[in-house]
Student: 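Below: one structure in structure tokens.
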Number of protein chains: 2
Amino acid sequence: MPTTTAVRELPHPSREEIRLEAVLHALADPVRLRIITVLNTHGEGEGNGATCSQVELPVSTSTATHHFRVLREAGVINQCYRGTSKINCLRRADLEARFPGLLDAVLRAAAN
Amino acid sequence: MPTTTAVRELPHPSREEIRLEAVLHALADPVRLRIITVLNTHGEGEGNGATCSQVELPVSTSTATHHFRVLREAGVINQCYRGTSKINCLRRADLEARFPGLLDAVLRAAAN
DNA sequence: CTCGTACTACGGTGGCTATCGTACTAACCG
DNA sequence: CGGTTAGTACGATAGCCACCGTAGTACGAG
């Protein structure tokens, strides 16, 4: 056992495993729409993204955890640990490859 | 009371009343995705569209009624009576005005 | 008027889900 | 080590929702 910091991996669907129904269901919730709207204003690079607590939500932290997980399991966002925080970012490239134009259309629509 | 054939009106949300969450929720179901996929192959003009029974679905007729109603109340489809049948057609123009590109992106995605 | 077709309304059932609070773990800072 | 911060796991609850069958309505054909 190396003494390096343990990297807690989180399960993500591969690009091919992303299902349309799951994505639409994940987006059909006002709290989760808000999450992706906020994430949209952050970069997507390896080191970019927002922590869970940076996204202000009108629900408890445990409920917020639930919503982030739904988005991750649907393949909409990527989550990785960074110290005590968890970094969230949109999976733009994967979503664009799988369902071209969908994410942008939803983001534009959510912006009113 | 005129003796003309009674026109049973059905409630539809106006263009401005169409809500994004409702549309996404309506589309996040495999049966309803199939419905709009089939309707997409029919014309949208006043006289076009498909009857409920023309859309083959793997559910009972009462459940099918439920799905058509969800789509109508979300503003995704328009329904009007024509004799004993009900004609269904997509509300393309309204959806495009409200959420540009969304319907097309979903239809493309659903087509695999 | 009777019959068949097309769809609906209603009631019930099981499963999912958004929400919460509480208790917990993981990492970093002194 | 102890404390703080960030997020999670768990259990509970209430509401919604997809589904069905049965009974009923509306319309057109004969």
Side-chain angles (χ1 to χ4, degrees), chain A residues 1-12 19 21-35 38-39 49-74 76-89, chain B residues 1-12 19 21-36 39 49-74 76-89:
Chain A
M1 328 53 182
T3 58
T4 57
T5 299
V7 175
R8 289 167 288 163
E9 290 289 336
L10 289 163
H12 289 77
R19 294 179 312 115
E21 305 158 26
V23 172
L24 291 175
H25 172 258
L27 299 178
D29 180 281
V31 173
R32 294 193 289 262
L33 272 181
R34 166 145 184 81
I35 291 175
V38 173
L39 292 185
T51 64
C52 294
S53 54
Q54 281 176 332
V55 184
E56 284 184 45
L57 298 174
V59 294
S60 68
T61 59
S62 52
T63 301
T65 296
H66 159 71
H67 285 302
F68 278 103
R69 185 174 57 223
V70 170
L71 287 169
R72 186 190 74 235
E73 292 178 350
V76 178
I77 67 172
N78 189 283
Q79 294 189 298
C80 63
Y81 287 100
R82 170 84 45 103
T84 63
S85 299
K86 197 188 244 178
I87 309 292
N88 305 278
C89 59
Chain B
M1 321 66 181
T3 58
T4 57
T5 299
V7 176
R8 287 168 289 163
E9 290 291 336
L10 289 163
H12 289 78
R19 293 180 312 117
E21 306 157 26
V23 171
L24 291 174
H25 171 258
L27 298 179
D29 180 280
V31 174
R32 294 193 288 261
L33 273 181
R34 165 142 184 81
I35 291 175
I36 64 162
L39 292 185
T51 64
C52 294
S53 54
Q54 281 177 334
V55 184
E56 283 183 45
L57 298 174
V59 294
S60 68
T61 59
S62 52
T63 301
T65 296
H66 160 70
H67 285 302
F68 278 103
R69 185 175 56 221
V70 170
L71 288 169
R72 186 191 73 234
E73 291 178 349
V76 178
I77 67 173
N78 189 283
Q79 294 189 300
C80 62
Y81 287 100
R82 169 87 43 104
T84 64
S85 297
K86 198 188 241 177
I87 309 293
N88 304 277
C89 59

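Reminder, nothing fancy here: chain letters follow the sequence lines and each chain counts from 1.
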Student: Remember a base hit wins even if backbone is also touched, and classify A/Thr65 as base, sugar-phosphate or nothing at under 4.0 Å, heavy atoms.
Tutor: base

Student: Would you say D/dC20 has OP1 or OP2 under 4.0 Å from some side-chain N or O of B/Thr63?
Tutor: yes

Student: Starting at CG of A/Leu71 and ending at P of D/dG7, how long is that distance when rounded to a whole Å?
Tutor: 15 Å

Student: Under the 3.5 angstrom rule, does the side chain of B/Arg72 hit a backbone N or O of B/Pro11 as a donor-acceptor pair?
Tutor: yes

Student: Whole-Å distance between C/dA6 C1' and B/Leu57 CG?
Tutor: 15 Å

Student: Is the shortest heavy-atom distance from the side chain of B/Cys80 to the side chain of B/Leu10 under 4.5 Å?
Tutor: no

Student: Tell me the closest heavy-atom pair linking B/Ala74 and B/Val23, and the distance in Å.
Tutor: O-CG2, 3.7 Å

Student: How long is the line joining CD1 of B/Ile87 and C1' of C/dA6, in whole Å?
Tutor: 11 Å

Student: Of all the choices, D/dG21, D/dC27, C/dC20, which nucleotide is nearest to the side chain of B/Thr84 once you look at every atom?
Tutor: D/dC27

Student: Quick one: label B/Ser85 by what it contacts on the DNA or RNA (base, sugar-phosphate, nothing), any heavy atom closer than 4.0 Å.
Tutor: sugar-phosphate

Student: Within the 4.5 Å heavy-atom criterion, are A/Glu21 and B/Arg32 side-chain neighbours or not?
Tutor: no

Student: Between A/Arg34 (CZ) and C/dA18 (P), how many Å, whole number?
Tutor: 18 Å

Student: Judged by each residue's nearest nucleotide on DNA chain C, which is more toward the 5′ side, A/Gly83 or A/Ala64?
Tutor: A/Ala64

Student: To the nearest Å, how far apart are A/Phe68 CZ and C/dA18 C1'?
Tutor: 15 Å

Student: Separation of A/Gln79 atom CD from D/dA6 atom P, in whole Å?
Tutor: 16 Å

Student: Rounded to the Å, how far apart are B/Ile35 CD1 and C/dC7 P?
Tutor: 12 Å

Student: When every nucleotide of nucleotides 10-17 of chain C is labelled 5' to 3' by its protein contacts under 4.0 Å (heavy atoms), B for base, S for sugar-phosphate only, - for none, what sequence of letters results?
Tutor: -------S

Student: Heavy atoms only: give me the nearest B/Phe68-B/Ile77 pair and the separation to one decimal.
Tutor: O-CD1, 3.6 Å

Student: Please state how far atom CG in A/Asp29 lies from atom P in D/dC16, giving the value in whole angstrom units.
Tutor: 14 Å

Student: Name the closest nucleotide to the B/Ser53 side chain, picking from D/dC19, C/dT19, C/dC7.
Tutor: C/dC7

Student: Under the side chain to side chain contact (heavy atoms under 4.5 Å, CB included) test, which residues partner A/Thr63, sequence neighbours left out?
Tutor: A/Val59, A/Ser60, A/His67

Student: Measure the shortest side-chain to side-chain distance between B/His12 and B/Gln79 over non-hydrogen atoms and say whether it is less than 4.5 angstrom.
Tutor: yes

